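For reference, the structure is listed below as structure tokens.
We count ligands from 1, going down the list as the structure has it; atoms in each ligand are counted the same way. Predicted model, so just to flag it, every value in this text is computed and none were measured.
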Amino acid sequence: MAQITINNKQIDVPDGTTVLRAAEMAGIHIPRLCEHKELTPYGGCRLCIVEVQGVRVPMASCTLPVNNGMVINTETEAIKKSRKFILSMLFSERNHFCPFCQVSGGDCELQNAAYAEEMTHWPIQPGWNDFPVDTSHPYFVLDNNRCILCRRCVRACSEMAGNFTLSVAERGAKSMIVADTDIPLGESTCIKCGSCVQVCPTGALIDRTSAYQGHDEQMTEVKSVCAGCSVGCSIKIMVRDNRIVRIEGDWDGPVNHGALCEHGRYDAVTESRKRITSPMVKKNGKLEPVSWDEALNTVKEKLQALNGDKHGVAGLASTRLPAETLAAFNDLFKGKFQSDLVTSIEEGVPTAAVAKYAEGHENFEGKIDALRTADAVMCIGANLQTSHMVAGFQFKRNLTKGTRLINIDPEESGLDDLANIVIKPKAGTDLALIRGLQAIIAKEGLERSSLKIKDADKIIKNAVAETDISLEKLTQAARLLANAISPVILYGKGVTAQRDAQIVEALHQLAVQIGAEDSERNGLLSLKGESNSQTATLLGLDQPFSLNGHKVTYLAIGDDYVSKSLVERAVKSAYLVVQASYESKLTENADVLLPVTLWAEQEGHYINLDGRIRKAEKAITAPENVRDNLDVLTDLAKRMNLSLDTDWQKAIRGRKSSVALN
Ligand code: FES
């Protein structure tokens with residue numbers, strides 16, 4: 001610990017703390033622009049200067065570590081004067097005539113910093129270069145004329161998303177933010193996560209989906225959880241006039257720490273599907289709008305005679321629905337109706353094999369945080385460039401700092417270019433591959449925890465033959481994994497779609513063997529699927545959707561997308577009830593259509609891929625005549641004199657979980 005004095009206030013702070021952070025701990029605010037709590041201190045803008053006793057010149061507090069006995073002043077006349085001068089320089093270097101800038105008037109950190117110093121003008125004659133404005137990107141605009149070269153965007157691109165697209169070209173006054181080798185942003189390697197826009201302190205990076213739609217103070221901020229995938233990122237939904245204007249990553253989010261992917265940030269604001277706004281019943285071969293009473297009574301008439309008939313009603317629910325709704329759905333159709341086919345839209349593809357193995361090995365999977373500190377990651381059957389992207393960010397950002405990546409996928413994957421070792425085994429040979437890695441590690445005596453392996457040579461030979469991967473490459477991968485200090489194994493749908501618990505068992509054994517799973521840490525994790533994938537599996541909603549003479553099919557799709565394959569199977573139903581938010585090929589074929597809320601119009605709990613149970617909040621009100629997903633199921637049950645079990649917490653604990661729930 002170091003004892004320091006800031007503005008005559010004495011405090012003790014841990015060694016290594018920067019003066020800026022120490023001041024915050026003492027409740028003293030130091031103005032800053034390039035500094036950001038999720039980014040490495042850079043010390044570029046100099047606005048955070050302070051006086052340190054015994055030091056001749058002002059020091060940038062964001063990069064200055066504390067020293068025992070340090071005496072600091074943040075508000076001397078000289079410092080205030082210097083701050084104004086720094087701001088004047090920043091304003092005069094580029095075109096900061098604010099009236100046309102969308103962040104002007106409250107959302108610009110540069111402008112706000114000037115107002116805080118009571119500046120009404122800047123005395124330095126502006127003399128700037130004109131920079132081109134890059135409008136090639138679908139979601140944002142890059143305007144170097146408004147840039148203060150704080151490099152927050154460059155650091156966010158590399159340190160948050162691990163993408164390294166943005167950098168600075170040229171020198172001095174001509175310095176500008178560029179994408180890749182100075183190509184249009186829209187044609188670059190940008191993965192459209194928008195982290196750069198979220199950290200930009202000025203209007204240099206403008207979010208085109210929300211530009212000029214109001215300042216933050218005119219919006220309501222609702223903290224919630226993203227319903228996009230099972231990573232479960234914390235988000236801030238910015239709402240104005242009952243409309244989602246923008247979605248931002250929540251800096252306090254325990255999983256994402258402010259980062260979001262393209263889907264989480266932009267899908268809701270670019271949604272183009274058509275809403276269903278009235279209940280409908282098919283009459284004379286055509287769907288016609290009816291009252292809720294008529295629609296629910298029509299479903300009741302069809303359903304109530306089937307109570308207790310296991311081939312009566314088949315049910316399928318979206319894994320984007322809250323846990324409360326999934327549990328009620330399960331209780332209604334599996335519990336009360338005793339149906340033999342009640343499942344989820346994922347049909348257990350990302351979770352069934354994992355859940356099966358968990359029956360004998362509860363909590364065998366770890367936490368996503370292990371990825372942040374991993375020095376080696378083996379990704380198998382998981383394309384993190386297209387889904388669960390924020391999980392990928394956790395280690396991609398460290399690839400330039402020495403973290404090594406083994407990517408195993410028979411298909412082309414965005415991770416291939418980043419990986420140290422790329423393995424493309426023949427499809428369906430994962431088990432042989434993993435056992436081959438185990439045998440090589442055991443044979444070379446590299447294991448941390450011994451695995452009894454008989455006939456290692458035979459297993460290795462078999463792995464080479466089945467996978468079509470050379471012994472040399474398998475050995476390279478095995479050594480990399482076994483020699484890592486904090487390895488992590490991440491597996492996805494490419495593995496779990498085989499529905500083979502033996503592969504999960506082999507991965508678990510490999511994790512133990514290389515020390516990825518020991519008493520200190522647990523570095524084995526599956527990606528799961530959508531936002532409530534784990535909940536659905538805990539409720540047992542993970543069997544294939546295979547109709548077998550069922551008389552009615554009830555699909556609670558919510559705001560989910562339906563695959564062509566599901567539509568093809570569902571339209572063969574004898575009678576089809578669809579509970580959905582948007583029109584689709586599926587809803588066209590429904591006999592009864594029930595319009596329901598989408599994710600932001602309802603509240604409820606979600607369990608993410610590493611077992612965190614969190615509540616998503618309602619941010620906007622649904623259109624008139626659209627009802628809450630849970631409310632519809634409860635009403636329907638009531639009409640059939642059934643009362644649904646509301647204890648979803650108990651329901652999800654009926655099955656052993658692959659991850660500890662907390
Ligand atoms: Fe410290 Fe910019 S905030 S130099």
Please determine if atom 1 (Fe) of ligand 1 has an N/O/S atom from Cys45 lying under 2.8 Å away.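 Coordinating: no.
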
Between the side chains of Arg521 and Thr373, does any donor sit under 3.5 Å from an acceptor?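 Thr373 and Arg521 do not have a side-chain donor-acceptor pair below 3.5 Å.
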
Would you say Cys34 reaches atom 2 (Fe) of ligand 1 with an N/O/S atom under 2.8 Å?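 Cys34 does place an N, O or S atom closer than 2.8 Å to atom 2 (Fe) of ligand 1.
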
Using 2.8 Å as the threshold, say whether any N, O or S atom from Cys62 sits that close to atom 2 (Fe) of ligand 1.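 Within the cut-off used here (under 2.8 Å), Cys62 places no N, O or S atom near atom 2 (Fe) of ligand 1.
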
Assess the residue pair Arg32 and Glu24 against the criterion (salt bridge (Lys or Arg N to Asp or Glu O under 4.0 Å)); give the C-alpha distance rounded to whole Å, side-chain angles, the decisive distance to 0.1 Å, and a yes or no. CA-CA 12 Å; Arg32 80 288 304 264; Glu24 269 175 2; 3.0 Å; yes

Using a 4.0 Å cut-off to any heavy atom of [X], which atoms of ligand 1 qualify?
X     : answer
Glu35 : 3 (S)
Arg46 : 2 (Fe), 4 (S)
Cys48 : 1 (Fe), 3 (S), 4 (S)
Gly44 : 4 (S)

Heavy-atom contacts under 4.0 Å between Arg32 and ligand 1: side chain, backbone, both, or neither?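 Both of them.
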
Record the part of Leu33 in heavy-atom contact with ligand 1 below 4.0 Å; permitted values are side chain, backbone, both and neither.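 The backbone, only.
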
Would you call Lys223-Asp252 a salt bridge at under 4.0 Å N-O?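 A salt bridge links Lys223 with Asp252.
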
Report the C-alpha separation of Arg94 and Asp143 in whole Å, then their side-chain angles, then the decisive distance to 0.1 Å, and conclude whether the salt bridge (Lys or Arg N to Asp or Glu O under 4.0 Å) test is met. CA-CA 11 Å; Arg94 304 253 159 143; Asp143 183 354; over 6 Å; no

Take Glu117 and Lys80 through the salt bridge (Lys or Arg N to Asp or Glu O under 4.0 Å) test and state the conclusion after the steps. CA-CA 8 Å; Glu117 299 303 318; Lys80 284 189 202 165; over 6 Å; no

Give a yes or no on this: more than 12 heavy atoms of other residues, nucleotides or ligands lie within 6.0 Å of atom NZ of Lys37.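 It does: Lys37 NZ has more than 12 such atoms within range.
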
Once you measure the plane-to-plane angle for Phe140 and Tyr266, does it fall in the parallel (<30°), tilted (30-60°) or perpendicular (>60°) bin?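 It falls in the tilted class, 30° to 60°.
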
